[in-house]
Amino acid sequence: MPDRSPFEVIKPEVRAISAYALTHFEADVKLDQNENPYEIPADLKRRIVARVLERDWGRYPEFVPEQLIQTLARFSGWSEDGILVGNGSNELISAAVAVTLGPGKTVAIPQPTFALYELMAKAAGATIQPVPLNEADLSFDVETLLEAARTSDVVIVCSPNSPTGSVLARSDARRLVSEARGLVIIDEAYHEFSGGTLFPLLEEFDNLLLLRTLSKAWSLAGIRFGYMMASAAIAAEIRKVKLPYSVNIFTLAAAELIVEELAVEGSVNKLIAARELLAAELASREGVEEFPSQANFILFRTRFVARRLFDALYQAGVLVRDVSGYPMLERCLRVSVGTPEDNTRFLEALDRALETLE
């Protein structure tokens, strides 16, 4: 019998990190995962199912889903050879990390942000160069980010940022991409709610990579679909390590039909208007401090221990996200923007909780 434990072959970088985890809660009002509460039309769902029923389920999906990529190219205005699709944008982030990062490589990541970026980079063995947001308003510290980009192999930025809702202005993004030593990955999962995109910079810079998803504005979190836009040369390298057949026939059918036919402006505009009303309501309440957001959620700080307020809201049937474990976010919670009825339930529960916790 060997003296060495099989456990020891696990990379030390992996053994040193904790898994990304989200505890599942059931609640009457679910405002914890930045989902779009407005479902796609029922007739569109039926048409998606009909397309899937026409397929042979015993056959693999297309190795390269050319029809869907053509649809995305028409929709986005980007060339087909620079588009990759994946089982959610997280898969594409993982693929980009796999071809760029490893021992001896450095990645600059603003903090706080989506935890998976750092987790994936650490698992690859890369060195993390954290770039704290501005403490006062949690906006991007552009000058510090530029400094980090000049010495890093990769920069990963979420804009609008999760969980803060802050946005990297296009002028600042242009400076970032132009001065970066290596690749700049911009995650635009929430861009529809900001009224802007960094897409025009793709034509200018071949070291920029944009990620998008249908999970948020498009009401399709359940099907897991994302896509990447980059130069043809960068896309070709990332394609080498992306898992084959990762997008199943149901997701392919749904994504193609949704992008072809669904207009998301209606639900997006509703959520933007609701976000502004919700932000104003939070600003009017003592005991909480809301931060400016250009996404479909709002981060707010409470003078109480965050978990106590989280628990009080949950007991009232309202589920939000406790983000107090993130850097700089002690005593912070994040609430997704819901329907007017859900937002009212949240505010009523918040008022009762703040009074109870006094």
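Glu8 CD: more than 12 foreign heavy atoms inside a 6.0 Å radius. Within 6.0 Å of the CD atom in Glu204, the count of heavy atoms belonging to other residues, nucleotides or ligands exceeds 12. Within 6.0 Å of the CD atom in Glu289, the count of heavy atoms belonging to other residues, nucleotides or ligands exceeds 12. In Glu330, the CD atom is not crowded: 12 or fewer heavy atoms of neighbouring residues, nucleotides or ligands sit closer than 6.0 Å. Counting heavy-atom neighbours within 6.0 Å of Arg15 CZ, excluding the residue itself, gives a total above 12. No more than 12 heavy-atom neighbours from other residues, nucleotides or ligands sit within 6.0 angstrom of NZ on Lys105.
Side-chain atoms of Thr197 and Glu188 form a donor-acceptor pair, as typed in the model, at a separation below 3.5 Å. Side-chain contact annotation: Glu62 with Gln67, donor-acceptor N/O pair under 3.5 Å absent.
Residues Phe199 and Ser76 approach most closely at CZ-O, 3.3 Å, considering heavy atoms. Across Ile185 and Ala96, no two heavy atoms sit closer than the pair CD1-CB, 3.9 Å. The shortest non-hydrogen separation linking Leu220 to Ile258 is CD1-CG1, 3.5 Å. Scanning both residues, Arg352 and Ala316, for their nearest heavy atoms gives NH2-CB, 3.9 Å. When all heavy atoms are compared, the tightest approach of Asp32 to Arg334 is O-NH2, 2.8 Å. Between Ala295 and Pro160, the shortest heavy-atom distance links the atoms CB-CB, 4.1 Å.
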Could you please spell out the steps behind the ring pair (Phe, Tyr, Trp, His ring centres under 6.0 Å) verdict for Phe297 and Phe193?
CA-CA 10 Å; Phe297 55 82; Phe193 303 103; 8.7 Å; no
Check against side-chain contact (heavy atoms from CB on, under 4.5 Å), Glu143 and Leu146:
CA-CA 5 Å; Glu143 296 304 323; Leu146 286 170; 4.0 Å; yes
In sequence, state the C-alpha distance, the side-chain angles, and the governing distance for Glu281 and Arg285, and then conclude on salt bridge (Lys or Arg N to Asp or Glu O under 4.0 Å).
CA-CA 7 Å; Glu281 290 286 349; Arg285 282 160 168 77; 2.8 Å; yes
Show the numbers, then the answer: is there a side-chain contact (heavy atoms from CB on, under 4.5 Å) between Ile298 and Leu282?
CA-CA 9 Å; Ile298 297 175; Leu282 286 170; 3.8 Å; yes
Given salt bridge (Lys or Arg N to Asp or Glu O under 4.0 Å), test Glu54 with Arg51 step by step and report yes or no.
CA-CA 5 Å; Glu54 293 172 357; Arg51 281 195 180 188; over 6 Å; no
Test side-chain contact (heavy atoms from CB on, under 4.5 Å) on Val99 and Ile234 and set out the steps.
CA-CA 10 Å; Val99 301; Ile234 293 293; over 6 Å; no
Stepwise ring pair (Phe, Tyr, Trp, His ring centres under 6.0 Å) check, Phe63 with Tyr245
CA-CA 6 Å; Phe63 191 80; Tyr245 307 117; 5.5 Å; yes
Derivation and outcome, side-chain contact (heavy atoms from CB on, under 4.5 Å), residues His191 and Arg212:
CA-CA 8 Å; His191 81 93; Arg212 290 183 177 174; 3.5 Å; yes
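Ion pairing of Arg47 with Asp43 is absent here, as no side-chain N (NZ or NE/NH1/NH2) approaches a carboxylate O to less than 4.0 Å. Taking 4.0 Å as the cut-off between side-chain N and carboxylate O, Glu348 and Arg345 do not count as a salt-bridged pair.
Residues Arg239 and Met228 fail the side-chain proximity criterion, which asks for heavy atoms closer than 4.5 Å. Side-chain contact between Asp28 and Val318 is absent, with no heavy atoms from C-beta onward closer than 4.5 Å. Contact of the Cys332 side chain with the Arg301 side chain is registered, since non-hydrogen atoms from C-beta on lie closer than 4.5 Å. Here the side chains of Glu118 and Val107 are not in contact, with every heavy-atom distance at 4.5 Å or above. Considering only heavy atoms from C-beta on, Leu133 comes within 4.5 Å of Phe140 through its side chain. Between Leu309 and Phe300, some side-chain heavy-atom pair lies under the 4.5 Å cut-off. Side chains of Asp187 and Tyr117 form a contact here, defined as non-hydrogen atoms less than 4.5 Å apart. Proximity of Tyr227 to Ile69: side-chain heavy atoms (C-beta onward) are nowhere separated by under 4.5 Å.
For the pairing with Val184, the side chain to side chain contact (heavy atoms under 4.5 Å, CB included) check across Ile156, Leu201, Val177 returns one residue only, Val177. Just one residue in the list Leu116, Leu211, Leu209 forms a side chain to side chain contact (heavy atoms under 4.5 Å, CB included) with Ile93, and that residue is Leu211. The side-chain hydrogen bond (donor to acceptor under 3.5 Å, both in side chains) test with Tyr190 is passed by exactly one of Thr213, Asn296, Asn34: Asn34.
At a threshold of 4.5 Å between side-chain heavy atoms, the hydrophobic network of Ile, Leu, Val, Met, Phe, Trp and Tyr places Leu333 and Leu31 in one connected group. Under a hydrophobic-cluster definition in which Ile, Leu, Val, Met, Phe, Trp and Tyr are linked whenever side-chain heavy atoms come within less than 4.5 Å, directly or via other members, Val155 and Val131 are assigned to the same cluster. Under a hydrophobic clustering in which Ile, Leu, Val, Met, Phe, Trp and Tyr are joined whenever their side-chain heavy atoms come within less than 4.5 Å, directly or via other members, Tyr20 and Leu92 fall into the same cluster. Placement of Trp78 and Ile186 within a single hydrophobic cluster is found when ILVMFWY residues are connected by side-chain heavy-atom separations under 4.5 Å, directly or transitively. Linking ILVMFWY residues whenever their side-chain heavy atoms come closer than 4.5 Å, directly or via other members, places Val337 and Val268 in the same cluster.
With rounding to the nearest 0.5 angstrom, the OG1 atom of Thr356 is 10.0 Å from the CZ atom of Arg308. Leu84 CG to Ser89 OG: the interatomic distance, rounded to the nearest 0.5 Å, is 13.0 Å. Between the CG atom of Leu299 and the OG1 atom of Thr164 there is a distance of 7.0 Å, given to the nearest 0.5 Å.
Within the 3.5 Å criterion, the main-chain N or O of Ile40 finds no donor-acceptor partner in the side chain of Lys45. Of the possible donor and acceptor atoms, none in the side chain of Tyr326 sits under 3.5 Å from a partner among the backbone N and O of Phe114. Using a distance-only test at 3.5 Å, with no hydrogens or angles considered, no donor-acceptor pair links the side chain of Thr127 to the main chain of Thr106. At least one donor-acceptor pair closer than 3.5 Å links the side chain of Asp322 to the backbone N or O of Ser324. Judged purely by atom type and a 3.5 angstrom limit, Ser246 has no side-chain atom pairing as donor or acceptor with the backbone of Gly86. With Asn36 contributing its side chain and Tyr38 its backbone, the two residues share a donor-acceptor pair below 3.5 Å. Side chain of Asp141 to backbone of Asn134: no donor-acceptor contact under 3.5 angstrom is found. Although no hydrogens or angles enter the test, the distance criterion places a donor-acceptor pair under 3.5 Å between the side chain of Thr344 and the main chain of Pro340. In terms of modelled atom types and a separation under 3.5 Å, the side chain of Ser166 and the main chain of Leu138 share a donor-acceptor contact. Counting only distance, with no hydrogens or angles, the side chain of Asp153 and the backbone of Gly182 share no donor-acceptor pair below 3.5 Å.
Using bins of under 30°, 30° to 60° and over 60° for the plane-to-plane angle, the ring pair Phe75/Trp218 lands in the perpendicular bin.
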